[in-house]
Amino acid sequence: MKYISTRGQAPALSFEDAMLSGLATDGGLYVPESWPQMSAEEIAALAGLPYEEAAFRVIKPFIGETFSDDELRGILSRAYASFRHPAKVPLVQFGANDFIAELHHGPTLAFKDVAMQLIGQMFEAVLERRGERVTIVGATSGDTGSAAIEAFKGLHAVDVVILYPHGRVSEVQRRQMTTPNESNVHAVAMDGDFDDCQARLKDMFNDADFRNSVKLAGVNSINWARVMAQVVYYFTTAVALGAPHRKISFTVPTGNFGDIFAGYVAKRMGLPIDRLVIATNQNDILHRTLQSGAHTKEGVMPSISPSMDIQVSSNFERLLFDLYDREGEAIDQLMGELGQGGFALSQGALERLRAEFDSGACSEEETSATIKAMMESTGELLCPHSAVAVKVALEQRGDAAVPMVALATAHAAKFPDAVEAACGIRPDLPPHMADLFDREERVTRCTNDLTALKSLINEKIAR
Ligand SMILES: *Cc1c(COP(=O)(O)O)cnc(C)c1O
């Protein structure tokens with residue numbers, strides 16, 4: 001399997017090289033040159049398998065020669081050993097034919113773990129084989145940083161450096177980043193806000209000497225391997241509810257479009273998905289795009305579901321590539337226009353988009369009301385992101401005979417203030433994290449300055 005860039009100019013790469021490089025050299029994102037197919041028999045055979053074995057069968061066609069079968073099985077078993085539920089991604093029923101798939105049983109209580117744990121093990125395996133070492137540097141507003149630290153801590157071939165804005169992440173999020181005591185983990189509290197952290201990260205990647213000397217690598221949400229890892233739970237969930245013998249619908253709380261794009265990939269591979277519903281909070285660029293055909297940026301409005309507070313969804317480019325018949329030049333032009341503020345989809349592209357997806361937006365009041373209503377009717381505590389999905393799922397219900405699955409992307413205890421304000425109950429951290437507030441913190445403060453950051457990283461990493 002080869003990977004090609006959505007902008008059409010970068011060389012095609014193997015899975016291994018696409019994973020290690022993240023972004024293509026022409027600014028595009030890597031996608032498989034064709035979608036692997038799973039027959040109805042192969043899908044039916046996933047029923048009842050352990051999550052890791054189902055993952056093996058779904059992922060295998062994407063990785064080409066990068067890992068042998070034994071290696072891939074070992075990687076999957078190490079990646080998901082840290083999940084606290086034997087099903088890894090369990091289902092909860094909350095209505096006559098309405099379900100929640102819980103993606104938050106990983107070590108940091110958010111769905112980022114599903115992909116990050118896998119990519120951590122894949123990086124380690126590839127780098128050890130090559131005898132190389134890299135420095136993963138990431139900027140975070142909270143969730144991604146802790147997921148990356150949990151995934152890479154203690155690995156031999158990697159240092160992981162996470163920049164977060166000092167004083168601007170929640171206490172749970174900060175402690176998840178500062179309490180792991182492995183020597184290859186470096187949490188950096190930087191002066192400024194999240195945009196400053198991201199700007200300095202970009203500066204480091206643009207500094208060729210520094211980038212090469214510390215072997216910088218990124219694991220942000222445009223890395224193909226992360227999207228691939230997320231395809232698996234669409235299969236396991238749908239099969240548990242009767243696929244391929246009947247159709248299943250999904251509603252996905254969406255920010256960067258990685259999670260729901262994985263659902264689209266599952267559908268391309270042959271999974272009978274009826275409706276794929278994009279759920280946004282008040283930052284609703286994608287919902288507006290489906291309604292009007294205009295993909296235009298607006299400022300970000302902070303919300304109680306902060307992991308979906310985005311101005312543009314970076315993985316949407318992968319879908320555009322398909323909507324425009326995989327014409328790299330067309331995508332290059334659209335992305336240029338997006339840099340200037342936005343673009344209008346062609347009539348043909350808009351029709352295809354609407355044929356594949358539905359959408360709905362959820363206001364702050366509706367998010368809180370949904371947390372309260374779910375608590376009162378079923379006893380389930382939802383995080384605000386998951387509440388956005390449930391609200392839109394019920395609204396876009398469609399055929400009552402088709403099971404609707406809303407994806408729950410974080411544990412309520414990650415957002416205790418919003419949950420308590422909505423329903424009066426303060427969610428407890430699960431038992432394995434109950435001592436989070438007693439663990440010792442380890443963090444380096446840094447000014448918002450490129451030179452200072454570079455010398456800090458040079459000092460910290462092993463070589
Ligand atoms: C990242 C995240 C999302 C959004 O997922 P995308 O793949 O960026 O669309 C939703 N909910 C939570 C809790 C997240 O951490």
Side-chain angles (χ1 to χ4, degrees), residues 1-5 10-26 28-30 32 59-60 62-79 115-140 144-145 147-163 180 182-188 200-229 453-463:
M1 173 68 76
K2 283 281 182 196
Y3 287 81
I4 55 175
S5 165
L13 298 182
S14 65
F15 172 78
E16 173 171 340
D17 289 324
M19 175 180 81
L20 291 177
S21 57
L23 198 69
T25 49
D26 58 3
L29 311 189
Y30 279 110
I59 284 174
K60 179 75 191 155
F62 287 106
I63 60 146
E65 307 293 303
T66 297
F67 303 111
S68 70
D69 287 2
D70 281 352
E71 268 181 310
L72 183 57
R73 286 205 162 88
I75 284 169
L76 285 162
S77 120
R78 291 191 294 280
M116 208 66 96
Q117 287 290 321
L118 183 66
I119 203 177
Q121 295 300 328
M122 286 187 162
F123 261 72
E124 176 87 340
V126 165
L127 292 169
E128 291 227 309
R129 181 199 302 154
R130 293 183 171 197
E132 291 174 13
R133 195 180 167 83
V134 299
T135 307
I136 305 270
V137 185
T140 187
T144 308
I149 285 174
E150 281 298 325
F152 289 94
K153 72 180 190 188
L155 300 186
H156 300 108
V158 181
D159 275 284
V160 54
V161 180
I162 298 296
L163 313 178
E182 287 76 1
S183 61
N184 71 330
V185 171
H186 318 285
V188 178
R200 293 301 77 74
L201 180 70
K202 219 170 156 191
D203 291 344
M204 285 189 261
F205 274 93
N206 287 333
D207 183 332
D209 288 344
F210 180 70
R211 192 179 66 211
N212 296 333
S213 77
V214 304
K215 298 227 159 39
L216 276 192
V219 290
N220 58 15
S221 76
I222 52 103
N223 195 304
W224 166 257
R226 282 184 58 185
V227 175
M228 178 191 72
L453 267 173
K454 288 198 303 192
S455 50
L456 187 157
I457 291 173
N458 266 318
E459 242 167 66
K460 295 272 173 195
I461 63 172
R463 280 170 217 258

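The figures here come from the full heavy-atom set of this structure, side chains too, leaving out hydrogens, waters and symmetry mates. Predicted, not measured: the structure shown is a model, and the values here were computed from it.
- At distances below 3.5 Å, at least one donor-acceptor pair connects side-chain atoms of Arg226 with backbone N or O atoms of Val219.
- Partners of Ala10 by side chain to side chain contact (heavy atoms under 4.5 Å, CB included), not counting sequence neighbours, listed by chain and number: Ser5, Ala24, Thr25, Asp26, Tyr30.
- Classification of the Trp224-Tyr3 ring pair by plane angle, with boundaries at 30° and 60°, yields tilted.
- Proximity of Gln117 to Phe152: side-chain heavy atoms (C-beta onward) are nowhere separated by under 4.5 Å.
- Lys60 and Asp69 make their closest contact through NZ-OD1, 2.6 Å (heavy atoms, listed as atom of the first residue, atom of the second, distance).
- Counting heavy atoms from C-beta outward, Val161 and Ile136 have side chains that stay 4.5 Å or more apart.
- Using a distance-only test at 3.5 Å, with no hydrogens or angles considered, a donor-acceptor pair links the side chain of Arg133 to the main chain of Ala462.
- A salt bridge does not link Asp70 to Arg73: none of the charged side-chain nitrogens sits closer than 4.0 Å to a carboxylate oxygen.
- Heavy atoms only, all atoms of each residue included: Phe123 and Leu20 are closest at CE2-CD2, 3.7 Å.
- Salt-bridge check for Glu71 with Arg129: passed, with a basic side-chain N closer than 4.0 Å to an acidic carboxylate O.
- When atom types are taken as modelled, the side chain of Asp17 and the backbone of Leu13 share no donor-acceptor pair closer than 3.5 angstrom.
- Proximity of a side-chain donor or acceptor of Glu124 to a complementary backbone N or O of Ala157 within less than 3.5 Å is detected.
- Taking a 6.0 Å sphere around NZ of Lys215, one finds it holds 12 or fewer heavy atoms contributed by other residues, nucleotides or ligands.
- Of the possible donor and acceptor atoms, none in the side chain of Thr135 sits under 3.5 Å from a partner among the backbone N and O of Leu216.
- With a 4.5 Å cut-off on side-chain heavy atoms, Leu456 and His186 do not count as touching.
- Residues Met1 and Phe62 share a closest heavy-atom pair of CG-O, 3.9 Å.
- Ion pairing between a basic and an acidic side chain is recognised when a charged N comes within 4.0 Å of a carboxylate O; Lys460 and Asp159 show no such pairing.
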